Number of protein chains: 2
Amino acid sequence: MSGALKDATIRVERPAKTLRELALDKVREAIVNGYFRPGDRLVERDLCAQLGVSRTVVREVLRHLESEGLVANLPNKGPIVAQLDIDEAKQIYEIRGALEGMAARLCAERSSPEIVAALEESLTGIRNSYRDNDMAAVLANTSSFYQTLFTMVDRHVAWGVVNLLTVRINHLRSMTIKTERRSIEGPAQMAKIVDAIRRGDGEGAYQAAMDHVAAACAIAEAVLSAKKSAE
Amino acid sequence: MSGALKDATIRVERPAKTLRELALDKVREAIVNGYFRPGDRLVERDLCAQLGVSRTVVREVLRHLESEGLVANLPNKGPIVAQLDIDEAKQIYEIRGALEGMAARLCAERSSPEIVAALEESLTGIRNSYRDNDMAAVLANTSSFYQTLFTMVDRHVAWGVVNLLTVRINHLRSMTIKTERRSIEGPAQMAKIVDAIRRGDGEGAYQAAMDHVAAACAIAEAVLSAKKSAE
DNA sequence: CTACAGTATCTGGTACGCCATAATACGATT
DNA sequence: AATCGTATTATGGCGTACCAGATACTGTAG
């Protein structure tokens with residue numbers, strides 16, 4: 001084989017996604033962005049019709065979402081969209097704080113121009129998205145910021161955990177970022193993380209990451225209790 | 001209805017476990033305790049025969065284990081028992097350290113006789129199990145120790161995460177606890193956690209928990225590299 | 001208006017069948 | 001004999017049909 005043609009060059013890319021994975025993504029997205037509301041029943045045969053797939057696939061998808069914590073299963077009644085109570089949300093924020101703080105500290109300890117550059121790119125993305133009032137993009141870029149934080153120090157498992165937990169509080173996240181002062185304070189707090197990493201200040205990065213999550217948690221708590229008293 | 005007969009008294013207790021859950025437990029256990037080895041293919045129809053359930057159930061179980069990280073799915077080849085590489089194991093220990101440290105700190109901050117008593121009970125269980133050379137009991141009691149740590153401060157979500165990650169390194173755990181000095185050092189390190197909690201020393205409890213996990217990680221690393229060079 | 005029986009709905013579970021793909025074995029052609 | 005193409009097999013992916021048991025609903029009889 002010609003040396004000029006690397007294997008990767010001609011490799012045919014196949015979607016390779018199974019129907020199950022497609023359906024999983026669809027349903028997860030539908031839950032996350034509120035098409036299915038918490039407490040809604042997820043009737044298997046209805047989902048079959050809506051997704052255009054068989055019950056076999058739907059059931060596997062529901063199992064998967066169940067183990068992700070997005071779907072709860074009532075015995076003899078069937079699956080519903082999981083309710084998120086305020087205490088659980090706080091716990092999730094707390095865990096995120098611990099893990100993101102850990103990742104930030106690691107980034108600072110092995111601080112490098114690449115890490116800083118990658119983080120600043122995400123941060124710029126967030127600022128631009130706020131400027132354009134594109135909240136979906138804010139969320140996506142925020143995720144990307146944290147993903148960078150974890151993957152730059154090869155903490156894929158921790159990132160997986162954070163990601164898993166984050167989908168469960170996604171609708172909270174979309175509410176917190178819309179809060180008035182969040183568009184200023186959020187990026188400012190993240191900039192503090194990056195600064196500490198640039199300085200190689202592990203403890204500072206840890207604290208800054210914790211502070212950022214704590215702020216998000218506080219807003220979420222306010223939003224949730226306001227929503228509850230409104231009901 | 002007679003007041004003397006409380007509803008709960010006559011309630012017929014049903015397993016309430018679905019076949020799926022039973023099968024899930026069986027397969028998970030089979031993987032965890034080594035009946036299926038890492039890399040083994042898990043052929044659906046074979047599992048049906050071995051478990052005595054239908055393919056639907058088996059498939060749902062495999063999906064579930066996949067999202068737990070115990071099973072990996074090779075495209076166009078099917079599910080295999082996930083391989084655990086050393087780096088991933090280290091990451092899992094690191095996360096456990098962060099979360100168990102967090103829980104220990106919380107326990108210390110709201111230190112109470114109940115918490116201390118519950119932890120000491122588990123600790124005694126561990127010491128007795130070591131004395132009796134019952135390694136399965138050591139594992140169970142160690143889990144119970146940590147479960148207490150988390151549930152005493154109502155951190156069920158974090159406990160769930162730790163539990164999820166722990167099954168993936170279970171065979172490592174069973175190797176580390178068999179190590180010579182672990183029977184002395186392990187309980188000693190855990191006693192330090194309890195002491196710090198008794199004193200209400202949050203930082204000390206955090207450090208002690210981190211140290212304990214770090215020690216386990218070091219042993220696991222040694223075991224793994226020894227095993228690798230033996231191959 | 002209430003109690004009860006019947007009915008519809010839905011999940012849990014099973015069985016079976018079809019198709020696509022990958023690997024392997026086998027046979028034919030050069 | 002080496003290689004190429006084809007048949008077979010193993011297996012996963014997916015769909016459908018069916019049944020049992022629990023629950024929710026509904027209409028009717030008393």
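Computed from a predicted structure; not experimentally measured. Lettering follows sequence order; numbering is per chain, from 1.
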Mark yes when over 12 heavy atoms from residues, nucleotides or ligands other than [X] sit less than 6.0 Å from its [atom1]; otherwise mark no.
| X | atom1 | result |
| --- | --- | --- |
| A:Q50 | CD | yes |
| A:E121 | CD | no |
| B:R37 | CZ | no |

Using heavy atoms and a sub-4.0 Å distance, could you list which residues of residues 55-74 of chain A are near DNA chain C? By number, please. A:R55, A:R59, A:R63, A:N73
Answer whether the closest heavy-atom distance between the side chains of [X] and [Y] falls below 4.5 Å.
| X | Y | value |
| --- | --- | --- |
| B:F36 | B:L47 | yes |
| B:L22 | B:K26 | no |
| A:V58 | A:L42 | no |

Aromatic plane relationship, A:H212 with A:Y146 - under 30° parallel, 30 to 60° tilted, over 60° perpendicular: parallel
Euclidean distance, atom [atom1] of residue [X] to atom [atom2] of [N] [Å, nearest integer]:
| X | N | atom1 | atom2 | result |
| --- | --- | --- | --- | --- |
| B:L51 | C:dA15 | CG | P | 13 Å |
| B:L47 | D:dG12 | CG | C1' | 13 Å |
| A:K17 | D:dC14 | NZ | C1' | 18 Å |
| A:L22 | D:dG13 | CG | P | 13 Å |
| B:I80 | D:dG12 | CD1 | P | 12 Å |

Distance below 4.0 Å between B:N76 side-chain N/O and C:dA22 OP1 or OP2: yes
Under 4.0 Å between a side-chain N or O of B:K77 and OP1 or OP2 of C:dT21? no
Toward the 5' end of DNA chain D, by each residue's nearest nucleotide, A:R20 or A:R41: A:R20
In terms of side-chain heavy atoms of B:T18, which of C:dC10, C:dG13, D:dG12 is nearest? C:dG13
Against the side chain of A:L19, the closest entry in D:dC14, C:dA15, C:dT21 is D:dC14
Can you check whether any acceptor in the base of D:dG12 is under 3.5 Å from a donor in the side chain of B:R45, or vice versa? yes
